[in-house]
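Just so you know, ligand 1 is whichever comes first in the structure, and atom 1 is the first atom listed for that ligand.
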Amino acid sequence: MMPDFISQREKQKYFRSLNEEQKINALNEMIEEAEHIVFLGGAGVSTESGIPDFRSKNGLYRKKDRRFGRYKPEYLLSYDCLDKRPAVFFDYFRKNLDCRTACPNDAHRKLARMEQQGKLDGVITQNIDGLHQKAGSRNVWEIHGSALRSYCVSCHTEYGENFIFESAGEIPHCPKCGKMVRPDVTLYGELLPQRAYEEAVALIRYADLLMIGGTSLEVGSAAQLGHMYHGKYLVIINKGRTKMEGKADLVFHDNISKVMNAIDI
Ligand code: NAD
């Protein structure tokens, strides 16, 4: 049984005193007690599926490539780049964000199982790889869109996951109207998809356990969502440090799949 805490400070002091095994037990107790669990994740959830994240030592930010060396990754994935240098944008996108053949890992699968067993209200993800859905999750809010979808910027015809990667020419063009087809992802400099963001806010506001995993929280929208949470327990599972750790009850600096595998569901 989780003790009753008289203050947030006392609660944090208690959780900080736990060893790794006790922390896993506490996480399982929180999951059992909570009625509305939400997971907020990022690229680190998919590194064990072979998709590099941005900021880790093998992340896209550290990748050396002469073709793109003079641009920052934020620029290569920005609306400005798509608009002004579309050939560079699509070359970078095709070479670095093709996640069509990736498979879900144990973290994706555990989250799907939690949802199926009625223990997870939803996943809010910054990832664009579609792996939560491939693992079986249904209630997934993609706040940065999906690399598996694309659409024409003019007639808005939607295209599937292969269109951009398999179309001939530097810039993919719509077979119907001839204008550019772009990925349905939120680029730097663009607004988040409104419906996904509003649903994410509603989920976070209603949650009594928020699990944040595999994200540096460096992207403003994710950090903002984290700060909107005022529920009972906050758990962070991330290899590297994140800015929200001071607010968290439990922090695991570990592989996400290892911690998720230790959940008794
Ligand atoms: P990030 O690269 O800034 O941070 C990833 C974090 O995950 C790091 O702090 C790292 O320590 C941690 N991490 C890496 N592997 C882990 C593991 N196995 N277990 C636990 N933690 C692990 O990524 P971000 O915060 O998601 O923000 C970057 C942006 O990049 C997002 O907007 C996202 O859309 C995009 N992105 C997506 C993908 C994808 O769809 N898979 C891949 C790369 C980038």
Side-chain angles (χ1 to χ4, degrees), residues 20 23 27 39-63 72-79 92-111 123-135 137 140-149 161 164-165 183-193 196-197 200 211-227 235-245 248 250-263:
E20 287 305 300
K23 277 163 59 182
L27 175 59
F39 182 86
L40 168 63
V45 177
S46 295
T47 51
E48 291 169 83
S49 294
I51 303 176
D53 63 6
F54 273 176
R55 294 176 180 84
S56 293
K57 76 174 185 318
N58 299 321
L60 290 177
Y61 282 12
R62 309 270 175 104
K63 194 172 163 182
K72 287 195 164 139
E74 280 95 342
Y75 177 74
L76 291 161
L77 292 171
S78 69
Y79 178 76
Y92 186 79
F93 190 83
R94 285 170 172 141
K95 284 184 179 142
N96 293 289
L97 291 157
D98 184 356
C99 41
R100 289 173 294 166
T101 57
C103 295
N105 62 50
D106 285 351
H108 299 104
R109 283 190 283 270
K110 179 57 66 94
L111 287 162
V123 170
I124 303 164
T125 183
Q126 299 164 81
N127 293 348
I128 55 175
D129 54 31
L131 289 183
H132 287 292
Q133 293 90 330
K134 277 190 191 166
S137 286
V140 181
W141 298 102
E142 295 172 314
I143 58 169
H144 293 166
S146 172
L148 305 181
R149 299 187 299 265
E161 61 181 52
I164 287 178
F165 296 102
D184 189 8
V185 300
T186 311
L187 301 173
Y188 286 97
E190 291 187 311
L191 294 175
L192 300 188
Y197 186 71
M211 298 169 70
I212 298 182
T215 172
S216 63
L217 293 174
E218 288 294 328
V219 177
S221 46
Q224 254 172 29
L225 283 170
H227 285 294
V235 175
I236 296 182
I237 310 162
N238 202 63
K239 270 196 201 164
R241 301 192 74 79
T242 68
K243 286 179 191 152
M244 277 193 66
E245 285 176 20
L250 283 178
V251 179
F252 296 90
H253 287 135
D254 214 332
N255 278 341
I256 186 136
S257 61
K258 183 177 154 203
V259 177
M260 296 303 286
N261 272 331
I263 294 175

**Request:** Show your working on side chain to side chain contact (heavy atoms under 4.5 Å, CB included) between Arg149 and Glu161 and close with a plain yes or no.
**Result:** CA-CA 5 Å; Arg149 299 187 299 265; Glu161 61 181 52; over 6 Å; no
May I ask you to check whether [X] and [Y] show a side-chain donor-acceptor distance below 3.5 Å?
X: Ser257; Y: Glu48; value: yes
X: Glu142; Y: Gln133; value: yes
X: His253; Y: Glu245; value: yes

**Asked** What residues sit with at least one heavy atom under 4.0 Å from ligand 1?
**Response** Gly42, Ala43, Gly44, Ser46, Thr47, Glu48, Ile51, Pro52, Asp53, Phe54, Arg55, Ser56, Gln126, Asn127, Ile128, Asp129, His144, Gly214, Thr215, Ser216, Leu217, Val219, Asn238, Lys239, Gly240, Asp254, Asn255, Ile256
**Expected output: side-chain Arg94 to main-chain Ile164 donor-acceptor under 3.5 Å** = yes
**Point-to-point distance, once rounded to the nearest 0.5 Å, from CD of Glu190 to CG of Leu77** = 11.0 Å
